[in-house]
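A short worksheet on the structure shown next.
Since this is a predicted model, take the numbers as computed values, not measurements.
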Amino acid sequence: MEIFKFGGASVKDALGVRNFKRVLEKLEAKDLVIVISAMGKMTNAFEGLVQSFVNKDKTVEEHLKRIRNFHLDIIDELDFDQKGSIFEIVEGIFSDLSNFLIRNNSTDYDYIYDQIVSKGEMLSTRICSAYLNQSGINNKWLDVRKCIKTNSDFRRARVDWDTTERAIKNEIQGKEIVITQGFIGSDNYGRTTTLGREGSDYTAGIFAYCLEAESVSIFKDVPGVLNADPREFNDTTLIEQISYKEAIEMAFYGASVIHPKTLQPLQRKSIPLRVRSFLDTKAKGTFVGSELDIVPKTSCYIVKKNQILVSISDKEFHFVMENDISEIFRLLHELKLKVNLIQNSALSFSLCIEDNFNNFERLLQNLKPGYKVKYNKNLVLYTVRHFDEKAVDELEKGKDLLLKQRSRETVQLIVKA
């Protein structure tokens, strides 16, 4: 059993769906679970719908129409012998979505988000599955919510591994091709949950772990894991091989090619991972496995934007002690604020955080009664793994540096955007 994962860029339009089919034909895989993300930028489009719906503005129907037309246009461009069946399935998904928008009584943003945004994966997998079946690549479409069981922490649900493993083994019989969704699961009440943004890679890791897969291949629009984001840096280098440990370090610091949670279940069962290009199936890509040196040995650059640097100190100039830090981290956890860097002195405690759930103002409200709080928004965090002084000097050049932290292998810089 192998696990393939295709991102949204690989099936962003009809041409992409046709190429997806060609990739499978070239690789001739038969015993296979394929995890697919929402098409193109549809997750962003669905997030726009969520925002419009929650704000009760007049653009809900406009968002819905644009999303619906996008998918129907792709179906129309594909060479279906009979489009009626797939049109009916897709219209059913939009009917369910419309009914949710009418009947929903919840004010919980995260719950609403998961029920709406998850439709992107349902649509992409339905279309891709139908196209493969018509093209002679027989496959079984699987609703992943039957398999991946989670708690009810919407937008960052935790997997119930025992229940999930039993369900996956029951659904996947082997010697077949299964198409399923990334990013989503369901709680004990049958409500849709999501595993966090970019969680489709994690889904592939979950299936691999539960099925003790031979390997996982993640197909991207890049040649593999690069030493830097080509949108931010010139002259990037392909990493040919890397260890789980190093890949987890890079993912922790924000490298976007591999989701941070993806690697942990693979490492536990020593399941190799390849990051490959869907544009060139013959290319080697990047191999991730146990106890491997990074090849080639080069500085690796990671960029995280929209960061907030917060400095917290006691109003009476007392030391910031362990009990203060414990309380601060409790708030950060409750408000789902991600910490990317920590630095403390005798009188202050500084954090670089990202506010993915729009809760920073609530953090300030909780901190200001007991502490002095200073902060800077819209910052950029640069992380350099395996740095040398020349690499750091080049990166600092011309930037307004607010904080610098270094260890044996890593340098981090917080700068103004």
Side-chain angles (χ1 to χ4, degrees), residues 1-8 11 31-39 42-43 46 93 96-97 100 110-126 128-129 139-174 176-219 251 258-269 271 273 336:
M1 174 67 69
E2 293 181 88
I3 313 296
F4 285 1
K5 185 266 173 172
F6 287 84
V11 290
D31 193 8
L32 184 63
V33 174
I34 304 172
V35 176
I36 304 176
S37 301
M39 293 174 147
M42 277 297 103
T43 297
F46 275 104
I93 294 171
D96 290 344
L97 177 55
F100 172 80
D110 294 340
Y111 166 76
I112 294 168
Y113 180 100
D114 282 4
Q115 310 321 299
I116 293 176
V117 174
S118 58
K119 299 299 184 188
E121 275 69 17
M122 303 304 288
L123 290 160
S124 65
T125 53
R126 279 295 195 182
C128 290
S129 174
N139 68 90
K140 168 188 172 184
W141 181 85
L142 172 65
D143 186 338
V144 78
R145 294 172 296 186
K146 291 181 178 179
C147 296
I148 296 184
K149 296 299 177 181
T150 72
N151 66 3
S152 301
D153 193 1
F154 298 104
R155 291 186 72 192
R156 61 172 188 181
R158 289 182 176 271
V159 175
D160 178 339
W161 283 94
D162 290 339
T163 306
T164 295
E165 186 168 359
R166 287 194 299 270
I168 285 177
K169 287 180 175 177
N170 183 59
E171 288 288 341
I172 308 296
Q173 302 303 318
E176 61 181 351
I177 295 177
V178 175
I179 304 286
T180 196
Q181 306 79 43
F183 175 63
I184 64 180
S186 67
D187 67 7
N188 290 334
Y189 302 98
R191 299 174 299 184
T192 301
T193 57
T194 64
L195 305 176
R197 192 71 191 269
E198 307 298 332
S200 292
D201 289 359
Y202 185 32
T203 301
I206 293 167
F207 272 92
Y209 177 89
C210 293
L211 295 169
E212 299 188 14
E214 295 173 22
S215 65
V216 175
S217 292
I218 296 177
F219 290 88
I258 307 174
H259 190 272
K261 293 180 181 177
T262 303
L263 295 153
Q264 291 159 348
L266 301 183
Q267 184 181 30
R268 288 202 295 269
K269 290 192 176 178
I271 299 168
L273 167 68
K336 303 178 182 179

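In this structure, Ser217 contributes its side chain and Phe4 its backbone to no donor-acceptor pair below 3.5 Å. Formation of a donor-acceptor pair under 3.5 Å by the Glu121 side chain with backbone atoms of Ala38 is found in this model. Thr125 contributes no side-chain N or O that, together with a main-chain N or O of Ile179, makes up a donor-acceptor pair within less than 3.5 Å. Between the side chain of Lys119 and the main chain of Asp96, no donor-acceptor pair closer than 3.5 Å is present. With Gln181 contributing its side chain and Leu142 its backbone, the two residues share a donor-acceptor pair below 3.5 Å.
Taking CZ of Phe6 as the reference point, atom CZ of Phe219 lies at 4.5 Å (rounded to 0.5 Å). Here Ile184 contributes atom CD1 and Gln115 contributes atom CD; the two are 10.0 Å apart, rounded to the nearest 0.5 Å. To the nearest 0.5 Å, atoms OG1 (Thr203) and CG (Leu195) are separated by 5.0 Å. The CD1 atom of Ile3 lies 9.0 Å from the CG atom of Asp31; values are rounded to the nearest 0.5 Å.
In Lys146, the NZ atom is not crowded: 12 or fewer heavy atoms of neighbouring residues, nucleotides or ligands sit closer than 6.0 Å. Residue Arg158 qualifies as open at atom CZ: its count of foreign heavy atoms under 6.0 Å is 12 or below.
The only member of Ile258, Ile148, Thr262, Val35 that meets side chain to side chain contact (heavy atoms under 4.5 Å, CB included) when paired with Tyr202 is Thr262. Checked options Thr192, Asp187, Thr180; the residue passing with Arg145 is Thr192 (criterion: side chain to side chain donor-acceptor pair (under 3.5 Å)).
Side-chain contact check for Ile112 versus Phe100: some heavy-atom pair is nearer than 4.5 Å.
Between the side chains of Lys149 and Ser186, a donor-acceptor pair is found at a separation under 3.5 Å. Between the side chains of Thr193 and Asp114, no donor-acceptor pair is found at a separation under 3.5 Å.
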Open item on the list: Working note: Ile93 + Arg126, criterion side chain to side chain contact (heavy atoms under 4.5 Å, CB included); need CA distance, chi angles, decisive distance, verdict.
Closed with: CA-CA 10 Å; Ile93 294 171; Arg126 279 295 195 182; 4.0 Å; yes
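Note: Trp161 and Tyr209 have perpendicular aromatic rings, judged against thresholds of 30 and 60 degrees for the angle between ring planes.
Salt bridge Asp110/Arg156: absent, no basic N to carboxylate O contact under 4.0 Å.
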